[in-house]
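Atoms within each ligand, like the ligands themselves, are counted from 1 in listed order. When reading the values below, keep in mind they use all heavy atoms of this one structure, side chains included, and skip hydrogens, waters and symmetry mates.
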Amino acid sequence: MNILVTGGAGFIGSHTVVELIAAGFEPIILDDFSNSDPKVLDRLESILGRKVKSYSANCNDADLLTKIFREEQIQGVIHFAASKAVGESVERPLLYYRNNISALVTLLEAMTANGISNLVFSSSCTVYGQPEIIPVTEETPVLPAASPYGNTKQVGEEIIRDTVAAKPGLKALALRYFNPVGAHESALIGELPIGVPANLVPYVTQTAIGIRSKLMVFGKDYATPDGTCIRDFIHVVDLAKAHVKALELLVKQNDANYYDYFNIGTGTGTSVQELIDTFERVTGVKVNYEFAPRRAGDIMEIYAEVSKSRDLLGWQAEKTLDEALADAWRWQQRLAN
Ligand code: UD1
């Protein structure tokens, strides 16, 4: 079954391409390489022992989408292509609304016009904001978004839900990712932050290898056991496998108006301090860090309740944080050579 993977050269997209092929799907990548490296295509070929077909273009190109749907006989879409930096989204909201909302609308128009039935959408735990009760279930209320980026994920889910309701035959589900970390065990693909990383794990690995002189830990005075924020860090390969399960669930779904959403996390909260300690233990490398004031917009604590994913999607995280950090470190070392 041919699956269009938008953003397939990106961090989560590239790992999902590997898992799709392992599960017998045929991924076709659409990526504009605005936040990814074309070399990823060669790296995928090294892992897979074969080429993956790809198109270098933006998702806002409606004519190209229609051409790909017809010529490649696409039967499903996994839509990763989006901008994802919270801070940048505050400074450049229209870029986010174009890349994340306008492109989604274009994609849905092209899918419905061409009778493409199955869509998996990259959403985020950011839709929950700072929840009152933890862990968060899928019934936890969605709170007003704290950034244009967060808003694009909330509105994106609503646009898909409304379109599915209006267009029998279109089935979709949204995966609400918690914090993806790690890299492929081959160390051939992983996260490729452009410039100074905004996310914790690439900042940790870049500090450990000496690219950054010091990691700032944002906040030591939160109401958590060690005073640092708590997140649910999930190995990117586990996250990739959730997309395969999502696609399989969609394909066998008889409800012509099927739409649902799932938390994709480990179910375990880990503090920023614990993550640094784990990294040092697993790699044997010390991280130079100091505590700094809280970062604006950070929530104190969030992790997933995962029984819905386990029961309905048939998916649960298998890899440990130790494995994720060891893999992230091998990837960082590979990048340096
Ligand atoms: C953010 C987004 C999330 C998105 C994710 C991956 C929000 C609220 N969160 O998650 O939707 O999926 O990025 O792109 O929109 N930290 C430090 N020092 C650093 C970097 C981070 O102490 O140099 C801390 C942060 O304060 C936070 C934790 O590490 O407590 C995780 O931060 P980060 O990796 O940026 O992810 P989130 O903000 O949780």
Side-chain angles (χ1 to χ4, degrees), residues 7 10-13 35-36 80 82-90 93 96 100 121-131 134 136 142-154 156-157 174-182 190-208 211-236 239 263-266 269-279 287-304 321 324-325 328:
F11 177 39
I12 307 170
N35 194 19
S36 60
F80 293 105
S83 298
K84 60 150 204 163
V86 175
E88 182 188 50
S89 80
V90 175
Y96 277 67
N100 297 8
F121 176 64
S122 300
S123 188
S124 168
C125 68
T126 193
V127 300
Y128 298 117
Q130 175 61 71
I134 294 162
V136 286
V142 165
L143 295 179
S147 69
Y149 162 76
N151 202 31
T152 66
K153 293 302 173 188
Q154 289 188 5
E157 286 192 10
L175 300 182
R176 293 175 174 169
Y177 312 153
F178 284 68
N179 289 57
V181 294
E191 197 165 2
L192 274 175
I194 292 176
V196 181
N199 295 121
L200 179 62
V201 169
Y203 212 108
V204 167
T205 58
Q206 288 197 6
T207 306
I211 297 172
R212 311 278 156 211
S213 59
K214 193 181 281 182
L215 166 74
M216 296 297 172
V217 174
F218 300 129
K220 172 73 175 150
D221 58 349
Y222 285 100
T224 59
D226 63 27
T228 64
C229 290
I230 291 175
R231 296 287 184 276
D232 185 335
F233 298 99
I234 173 156
H235 197 299
V236 64
L239 178 53
N263 287 342
I264 304 296
T266 65
T270 302
S271 75
V272 173
Q273 178 74 67
E274 285 172 330
L275 184 135
I276 297 168
D277 294 346
T278 306
F279 180 86
V287 180
N288 186 24
Y289 67 92
E290 71 178 39
F291 293 101
R294 293 181 178 193
R295 182 173 71 176
D298 269 343
I299 56 168
M300 179 172 75
E301 179 178 20
I302 187 163
Y303 55 94
L321 184 61
L325 295 177

Asker: Only one of Asp298, Val272, Thr270 forms a side-chain contact (heavy atoms from CB on, under 4.5 Å) with Arg231, so which one is it?
Answerer: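 That would be Asp298.
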Asker: Between Val201 and ligand 1, find which residue part has any heavy-atom pair under 4.0 Å and reply side chain, backbone, both or neither.
Answerer: neither
Asker: Does ligand 1 have any atom that is closer than 4.0 Å to a heavy atom of Gly150?
Answerer: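 False for this residue.
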Asker: Where do Ile12 and Val236 come nearest, in terms of heavy atoms and distance?
Answerer: CA-CG2, 4.0 Å
Asker: Of the choices Val272, Ile276, Asn179, which has the non-hydrogen atom that lies closest to atom 37 (P) of ligand 1?
Answerer: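 It is Asn179 whose heavy atom sits nearest to atom 37 (P) of ligand 1.
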Asker: Of the listed options (Leu200, Thr224, Val217, Ile230), which comes nearest to atom 21 (C) of ligand 1 when hydrogens are ignored and any heavy atom counts?
Answerer: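 The residue whose heavy atom sits nearest atom 21 (C) of ligand 1 is Leu200.
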Asker: Which one of Arg231, Met300, Arg295 has a non-hydrogen atom at the shortest distance from atom 32 (O) of ligand 1?
Answerer: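 The nearest heavy atom belongs to Arg295.
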Asker: Val181 versus His235: any side-chain heavy-atom pair under 4.5 Å?
Answerer: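 Side chain of Val181 against side chain of His235, heavy atoms only: no contact under 4.5 Å found.
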Asker: So, the side chain of Thr228 versus the backbone of Gln273: is there a donor-acceptor pair under 3.5 Å, distance only?
Answerer: yes
Asker: Going by distance alone, is a donor N or O of one side chain under 3.5 Å from an acceptor N or O of the other, for Ser122 and Tyr177?
Answerer: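 Tyr177 and Ser122 do have a side-chain donor-acceptor pair below 3.5 Å.
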Asker: Identify the closest protein heavy atom to atom 4 (C) of ligand 1: which residue and atom is it, and at what distance?
Answerer: Tyr149 OH, 3.9 Å
Asker: With nothing but distance in play, are any N or O atoms of Met216 less than 3.5 Å from an N or O of ligand 1?
Answerer: yes
Asker: Of all heavy-atom pairs between Phe279 and Ala208, which one has the smallest distance, and what is that distance?
Answerer: CE2-CB, 3.6 Å
Asker: Out of Arg176, Lys153, Glu157, which residue meets the side-chain hydrogen bond (donor to acceptor under 3.5 Å, both in side chains) rule with Ser123?
Answerer: Glu157
Asker: Atom 3 (C) of ligand 1: which protein heavy atom is closest, and how many Å away?
Answerer: Ser124 OG, 4.0 Å
Asker: So, Tyr222 side chain and Ile299 main chain: donor-acceptor pair closer than 3.5 Å or not?
Answerer: no
Asker: Could you list which atoms of ligand 1 come closer than 4.0 Å to a heavy atom of Val86?
Answerer: 2 (C), 7 (C), 15 (O)
Asker: Just to be sure I read this right, does ligand 1 sit under 4.0 Å from the backbone of Ala292, its side chain, both, or neither, counting only heavy atoms?
Answerer: neither
Asker: If you measure from atom 1 (C) of ligand 1 to every heavy atom of Thr126, Asn199, Asp298, which option wins on shortest distance?
Answerer: Asn199
Asker: Under a 4.0 angstrom heavy-atom cut-off, which atoms of ligand 1 come close to Cys229?
Answerer: 30 (O)
Asker: What atoms in ligand 1 come closer than 4.0 Å to a heavy atom of Ala198?
Answerer: 20 (C), 35 (O)
Asker: Could you find the nearest protein heavy atom to atom 17 (C) of ligand 1 and give me its residue, atom name and distance?
Answerer: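 For this ligand atom, the closest protein heavy atom is Phe218 CD1, 3.3 Å.
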Asker: Are Leu192 and Ile194 close enough that some pair of their side-chain heavy atoms sits under 4.5 Å apart?
Answerer: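 They are not in contact (no side-chain heavy atoms under 4.5 Å apart), so the answer is no.
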